[in-house]
Amino acid sequence: MLIFKKYTQNLPFAYDTSSLFLPWIMMLMVFLASLTMAGSLAVNNMTEHWNSSIAGSLTVQVMPSSVKAAGNMLDNTMAEVDRAVAVLKQAKGIKDVRVLSDAELGKLLEPWLGNIDLQDDIPVPRLIDVKINMAENVDFPKLKDELAKYAPNASLDIHRVWLAKLMSLAATLNFLAWVVMMLALVTTAVTVMYATFTSLEVHRPAIELLHLIGARDAYISLLFSRRTLTFSFGGALVGMLLAIPLIIIIGTMAAGLEGGVLANASLSALQWLLIAALPFAAAILSGFTAFLTVGFKLKRTM
Amino acid sequence: MQKNKASLPNIVEFEDVGLRYGQGPEVLKDIRFSLAPGSFHFLTGESGAGKTSLLSLMYLANSPTRGRLSLFDTDVNEENRKKFPEIRRNIGVVFQDFRLLDHLTAQENVALPLRVMGIKELEIKRHVNELLSWVGLEDHINAKPPTLAGGQKQRVAIARALINRPKLLLADEPTGNVDDRIATRLLRLFIELNKIGTTVVIATHNEGLIERFPFPRIHLSSGRLKILPSAKMSGIK
């Protein structure tokens with residue numbers, strides 16, 4: 001920063017109050033951008049997790065048997081579950097088939113039914129968790145037909161519909177995050193541009209003198225761009241530092257949510273680095289904008 | 001005026017140049033003259049005759065509204081704007097109002113032309129201090145312009161104009177705020193520069209100086225130009 005000071009001191013920036021608001025704007029923009037980027041990255045992490053954990057599995061649900069045949073309802077349902085398991089095990093591309101235990105079902109139903117005993121002949125659907133071998137193609141229509149034939153109360157849930165909806169929601173959130181980031185970027189650039197216009201007016205006599213003693217436009221542009229860069233970086237750094245605790249708090253709260261839906265929202269080290277790079281990117285953007293703005297304005301002078 | 005003996009291109013050439021500010025009347029009319037390398041001229045004329053405007057054309061603060069102006073054999077027009085910094089680095093200007101930057105010290109003000117050329121700071125410091133001593137400001141190296149007297153400011157402005165050994169020196173009333181002793185000393189400095197090849201134009205009202213030094217005069221009257229011999233030779237008072 002000392003070397004920047006040496007170069008920028010050729011213009012009386014210390015007496016120029018026209019762009020004192022710039023660090024504040026940068027602070028706000030980088031604060032927003034940090035939160036938005038963290039949100040977007042977290043949503044990406046979650047969708048990736050959902051996708052990878054669900055893509056290789058499907059669920060077969062066997063509804064309680066309504067046939068008033070010999071034996072009780074539970075026995076009939078369990079017999080149908082066994083037939084469905086047999087069909088699934090014979091199907092091509094199925095890696096593993098596992099019937100969810102009473103305890104597991106009880107836990108899934110607990111939020112709605114409280115503690116219940118599934119042996120009490122309560123008509124509760126039975127679930128079969130199926131793992132698919134991703135290397136092989138499963139013939140789902142054929143599997144459905146086979147299940148309908150041997151276990152008519154069984155239905156196949158390949159998760160694709162709700163996963164597609166979830167992914168679509170995630171994509172929309174991501175798109176909105178990028179819109180916010182772009183708005184922050186454009187706002188920053190426009191703010192720097194107008195601050196530079198004002199500053200150019202304030203320093204017009206000194207700029208004219210620098211020109212008359214042989215300074216190139218690029219030299220003057222660099223004075224402004226270095227000043228804007230250092231000025232912006234301070235504000236941007238504070239904005240990022242203010243956002244970090246907030247991101248951590250929101251992340252911790254999301255991880256603690258029941259059901260673990262948002263459990264995989266936490267950010268990786270690389271993603272934290274991306275957020276840490278925001279003040280640098282914002283400062284470079286500001287400096288570059290100031291450089292271009294001054295160059296553009298000076299072209300129209302002698 | 002004349003091509004020099006070795007047929008070197010003229011430093012400055014005006015061909016039927018006119019200048020007006022905005023929609024106002026022409027302040028300079030049909031200006032036609034040239035300055036050979038190594039020449040020395042006084043620029044004279046009453047207040048408002050257009051001396052500062054003529055100088056401003058030569059240091060590229062304004063461009064002619066008509067006619068052709070050439071500096072260092074380069075036609076000065078809008079297309080050549082990119083070449084202006086190079087041209088300006090060969091011109092030293094002493095402005096009538098000094099145009100010193102108040103936030104910089106005398107040393108930093110004088111260093112500016114070298115700084116914009118990218119010269120190393122160590123080298124700059126050595127040259128600047130030497131020149132400031134020469135103009136009698138060795139005790140004011142770190143003083144800022146608001147704390148300097150008019151004559152001292154003028155000497156800082158002169159030092160700034162001379163620091164990069166310009167090929168053309170333009171001075172607008174450079175002795176206006178100093179006593180006769182300092183004025184003579186400054187003029188001798190300009191003459192020394194002229195001896196080593198710098199072309200010098202000094203706008204002045206100082207009749208004493210004009211009489212004492214035998215240099216031809218460019219005289220402006222109501223925006224029109226006349227070349228006169230030196231006052232000494234013509235006996236002008």
Side-chain angles (χ1 to χ4, degrees), chain A residues 1-20 195-196 198-231 287 290-302, chain B residues 55-64 69 76-78 80-95 97-105 107-121 124 144-146 157 159-164 166-168 170 172:
Chain A
M1 295 303 163
L2 201 65
I3 191 160
F4 278 8
K5 197 181 170 193
K6 191 184 95 186
Y7 282 106
T8 53
Q9 71 181 9
N10 288 340
L11 284 176
F13 286 124
Y15 305 97
D16 173 11
T17 53
S18 64
S19 45
L20 283 182
T196 308
T198 313
S199 199
L200 274 169
E201 271 310 303
V202 171
H203 299 295
R204 199 146 59 121
I207 291 168
E208 197 179 292
L209 175 79
L210 288 178
H211 260 153
L212 293 179
I213 61 172
R216 293 179 201 285
D217 289 354
Y219 178 86
I220 298 167
S221 299
L222 269 178
L223 295 181
F224 276 89
S225 109
R226 281 171 176 146
R227 198 258 182 163
T228 308
L229 193 143
T230 47
F231 230 50
F291 186 87
L292 291 182
T293 308
V294 176
F296 171 79
K297 273 295 233 189
L298 293 184
K299 252 186 200 169
R300 282 153 177 76
T301 63
M302 268 292 281
Chain B
L55 290 177
S56 77
L57 286 174
M58 286 194 265
Y59 58 70
L60 298 174
N62 286 308
S63 51
L69 168 61
V76 174
N77 54 44
E78 278 304 305
N80 275 341
R81 190 186 173 275
K82 276 188 184 165
K83 291 182 187 164
F84 284 9
E86 278 314 315
I87 298 174
R88 283 167 172 152
R89 287 175 188 188
N90 288 310
I91 304 172
V93 188
V94 183
F95 300 98
D97 54 356
F98 319 133
R99 297 209 196 173
L100 300 175
L101 297 182
D102 285 349
H103 71 292
L104 299 181
T105 62
Q107 187 187 52
E108 288 164 340
N109 266 292
V110 176
L112 268 183
L114 299 180
R115 271 192 179 168
V116 302
M117 286 165 73
I119 310 283
K120 286 182 181 154
E121 284 294 319
I124 290 176
K144 292 190 174 176
R160 187 183 61 195
L162 301 183
I163 190 70
N164 57 351
K167 288 183 186 158
L168 172 64
L170 306 169
D172 200 353

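Naming: A, B, ... by sequence-line order, numbering from 1 per chain.
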Q: Among B:Leu112, B:Leu101, B:Ile87, who wins on heavy-atom pairs under 4.5 Å with chain A?
A: B:Leu112
Q: For the pair B:Ile124 and B:Arg115, evaluate side chain to side chain contact (heavy atoms under 4.5 Å, CB included) and give the outcome as yes or no after the intermediate values.
A: CA-CA 8 Å; B:Ile124 290 176; B:Arg115 271 192 179 168; 3.8 Å; yes
Q: Give me the one residue out of B:Arg89, B:Met117, B:Lys82 that meets side-chain contact (heavy atoms from CB on, under 4.5 Å) with A:Arg216.
A: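 It is B:Arg89, the one option of B:Arg89, B:Met117, B:Lys82 that forms the side-chain contact (heavy atoms from CB on, under 4.5 Å) with A:Arg216.
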Q: Select one option (side chain, backbone, both, neither) describing which atoms of B:Leu104 are under 4.5 Å from chain A's heavy atoms.
A: side chain
Q: Measure distances from A:Leu212 to the heavy atoms of chain B and classify the residue's part below 4.5 Å as side chain, backbone, both or neither.
A: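 Looking at A:Leu212, backbone and side chain both touch chain B.
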Q: Please identify each residue that fulfils ring pair (Phe, Tyr, Trp, His ring centres under 6.0 Å) with A:Phe231, with sequence neighbours left out.
A: none
Q: Kindly write out the residues that satisfy side chain to side chain donor-acceptor pair (under 3.5 Å) with B:Asp172, not counting sequence neighbours, or none if the list is empty.
A: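 Scan of B:Asp172 (side chain to side chain donor-acceptor pair (under 3.5 Å), adjacent residues dropped) gives B:Thr52.
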